[in-house]
Amino acid sequence: MSTSEEWTFPADVDREAVQNALVEWYEADHREFPWRRTEDPYEILVSEVMSQQTQLGRVVEAWESFLDRWPTAAALADADRADVVGFWTSHSLGYNNRAKYLHEAAQQVEAEFDGAFPETPDELQELMGVGPYTANAVASFAFNNGDAVVDTNVKRVLYRAFDVPDDDPTFERVAGGLMPAGESRVWNNAIMELGGVACEKTPSCDAAGCPWREWCHAYQTGDFTAPDVPTQPEFEGSRRQMRGRVVSVLKEYDELALDTLGPRVRVDYSPDGEHGREWLRELVSDLADDGLVELDESDEGLVARLQR
DNA sequence: GTCCCGGCAG
DNA sequence: CTGCCGGGAC
């Protein structure tokens with residue numbers, strides 16, 4: 001195990017051979033995803049946002065029908081927020097905030113970039129919901145103009161193959177240094193493919209024909225430890241689950257009084273109980289602060305609806 | 001239970 | 001830097 005100070009790429013390893021081996025391995029065979037056949041930055045951004053914390057297999061259908069409904073950034077920018085969030089929840093795409101971010105990003109492209117999609121990682125990061133990973137991914141896959149992406153896959157691969165210390169700035173430096181200049185499109189696809197089908201948590205080096213076996217520190221030593229990924233809190237019964245239910249229920253109605261919404265969110269809802277009106281009002285109020293839900297006074301008291 | 005091509009707000 | 005954000009698949 002090495003430390004992060006002065007970590008340098010192993011001197012006895014031929015970087016160019018490492019690069020070529022991976023690119024050739026990728027080009028010989030890889031999974032076909034529809035977003036790997038487009039260079040439209042909007043279409044790629046949609047795929048990247050959907051892919052965050054959601055398995056790729058489940059994204060394919062959602063991606064196609066999302067683009068069917070909102071084919072361009074301009075079309076999405078004109079959509080109602082409620083429709084975009086409603087689509088998100090009905091396709092079980094997770095974190096509804098990401099639907100809002102995507103909607104906002106589309107509006108930024110129209111308003112701040114005059115309809116011309118940004119092409120550099122720095123400009124892309126100005127879009128809502130786009131951080132370092134997504135910016136480099138879109139710049140790479142749409143414009144072949146990105147830096148090395150660093151996600152949990154890439155970290156795991158570098159950590160195992162070259163014993164890179166588990167430290168974000170080091171991962172970034174090493175990933176950047178390993179990427180062949182001007183080839184971000186194929187490279188970032190290839191290294192993430194490696195993490196996805198060969199160097200998974202439980203690795204399949206031989207079965208997947210990993211192209212780095214001859215250099216791989218883990219393959220040599222048999223120690224396939226991976227960097228720690230913070231384990232997520234329990235989902236069942238969580239606040240996140242309840243938020244999801246609120247959005248999912250509101251999608252089916254124009255508006256709903258809190259005491260009508262409550263029982264559809266929790267079977268044990270009772271207005272004055274522990275998980276009652278106060279609890280629900282706070283939950284919905286936070287969703288309102290997030291821009292996902294609206295909360296209004298009416299004759300029947302407080303009513304909630306998806307935010308337009 | 002654990003994983004999944006992160007990012008935002010405080 | 002920390003807490004938080006959904007939900008299906010395995």
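It should be emphasised that the depicted structure is a prediction, and the values quoted were computed from it without experimental measurement. Chain naming here is simple, since letters A, B, ... match the order of the sequence lines and numbering starts at 1 in each. Reckoned from all heavy atoms, side chains included, excluding hydrogens, waters and symmetry mates.
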Please confirm whether the shortest side-chain N or O distance from A:Arg156 to OP1 or OP2 of B:dC4 is below 4.0 Å.
yes
Hey, quick one: are A:Val303 and A:Leu256 part of the same hydrophobic cluster, counting side-chain heavy atoms closer than 4.5 Å, chains of contacts allowed?
no
Which part of the nucleic acid does A:Glu48 contact within heavy-atom distance under 4.0 Å: base, sugar-phosphate only, or nothing?
base
Phosphate-side-chain proximity, A:Thr152 and B:dC5, N/O vs OP1/OP2 below 4.0 Å:
no
Could you check A:Val109, A:Thr72, A:Asp40, A:Ile44 and say which one makes a side chain to side chain contact (heavy atoms under 4.5 Å, CB included) with A:Phe117?
A:Val109
Sugar-phosphate, base or nothing in reach of A:Asn96, heavy atoms under 4.0 Å
sugar-phosphate
Hey, any chance A:Phe162 and A:Phe224 share a hydrophobic cluster, counting ILVMFWY side chains that come within less than 4.5 Å of each other, even indirectly?
no
Could you give the CZ-to-C1' distance, from A:Arg98 to B:dC5, as a whole number of Å?
11 Å
Rounded to the nearest angstrom, tell me the gap between atom CG in A:Asp286 and atom P in B:dA9.
14 Å
Let me know the distance between NE2 of A:His30 and C1' of B:dC5, rounded to the nearest Å.
15 Å
To the nearest angstrom, the CD-P distance between A:Gln55 and B:dG6 comes to 11 Å
Just need the stems in DNA chain B: three or more back-to-back Watson-Crick or G-U pairs, each with both distances under 3.5 angstrom, sorted by first number.
B:1-4 with C:7-10, B:6-10 with C:1-5
Polar side-chain contact A:Gln52-B:dC4 base: donor and acceptor under 3.5 Å
no
Under 4.5 Å between side-chain heavy atoms, counting indirect links through other Ile/Leu/Val/Met/Phe/Trp/Tyr residues: same cluster for A:Leu302 and A:Tyr253 or not?
yes
Just how far, in rounded Å, is P of B:dG7 from CD of A:Glu126?
15 Å
Would a distance-only check, ignoring hydrogens and angles, find a side-chain to backbone donor-acceptor pair under 3.5 Å from A:Asp68 to A:Glu64?
no
Tell me what A:Pro132 touches on the nucleic acid: a base, only sugar-phosphate, or nothing, going by heavy atoms under 4.0 Å.
sugar-phosphate
Using atom CD of A:Gln232 as one end and atom P of B:dC3 as the other, report the distance to the nearest whole Å.
9 Å
Using atom C1' of each nucleotide, how far apart are C:dG6 and B:dT2 to the nearest Å?
15 Å
For the pair A:Tyr42 and A:Phe66, name the ring-plane relationship: parallel under 30°, tilted 30 to 60°, perpendicular over 60°.
tilted
Would you list the atom pairs, donor with acceptor, under 3.5 Å between side chains in residues 122-132 of chain A and any protein atom, with sequence neighbours excluded?
none

Exercise: do A:Thr134 and A:Gln52 side chains pair donor with acceptor under 3.5 Å
yes
Could you tell me if A:Ser204 and A:Glu200 have a donor-acceptor pair between their side chains, going purely by distance under 3.5 Å?
yes
For A:Thr89, answer base if it contacts any base atom (sugar-phosphate contacts may also be present), sugar-phosphate if it contacts only those atoms, and nothing otherwise; contact means non-hydrogen atoms under 4.0 Å.
sugar-phosphate
Mind checking the P distance from B:dC5 to C:dC10? Whole angstroms is fine.
13 Å
Within the 4.0 Å heavy-atom criterion, would you say A:Ser47 contacts the bases, only the backbone, or no part of the nucleic acid?
nothing
Comparing A:Gln125 with A:Thr54, nearest DNA chain B nucleotide closer to 5' gives the residue A:Thr54
What does A:Val130 touch in the nucleic acid at a heavy-atom separation under 4.0 angstrom: a base, only the sugar-phosphate, or nothing?
sugar-phosphate
Rounded distance (Å) that lies between atom C1' of B:dC3 and atom CG of A:Asn153
11 Å
Using the heavy-atom set of chain A and a strict 4.0 Å cut-off, write down the first and last nucleotide of DNA chain C that makes it in, 5' to 3'.
C:dC5 to C:dA9
Side-chain donor or acceptor of A:Trp279 paired with backbone N/O of A:Gly273 under 3.5 Å:
no
Derivation of the ring pair (Phe, Tyr, Trp, His ring centres under 6.0 Å) call for A:Trp70 and A:Phe87:
CA-CA 11 Å; A:Trp70 299 292; A:Phe87 178 99; 5.8 Å; yes
Would you mind reading off the distance between A:Tyr133 atom OH and B:dC4 atom C1', rounded to a whole angstrom?
12 Å
Given DNA chain B, 5'-ward residue of the pair A:Gln53 and A:Gly131, judged by closest heavy atom
A:Gln53
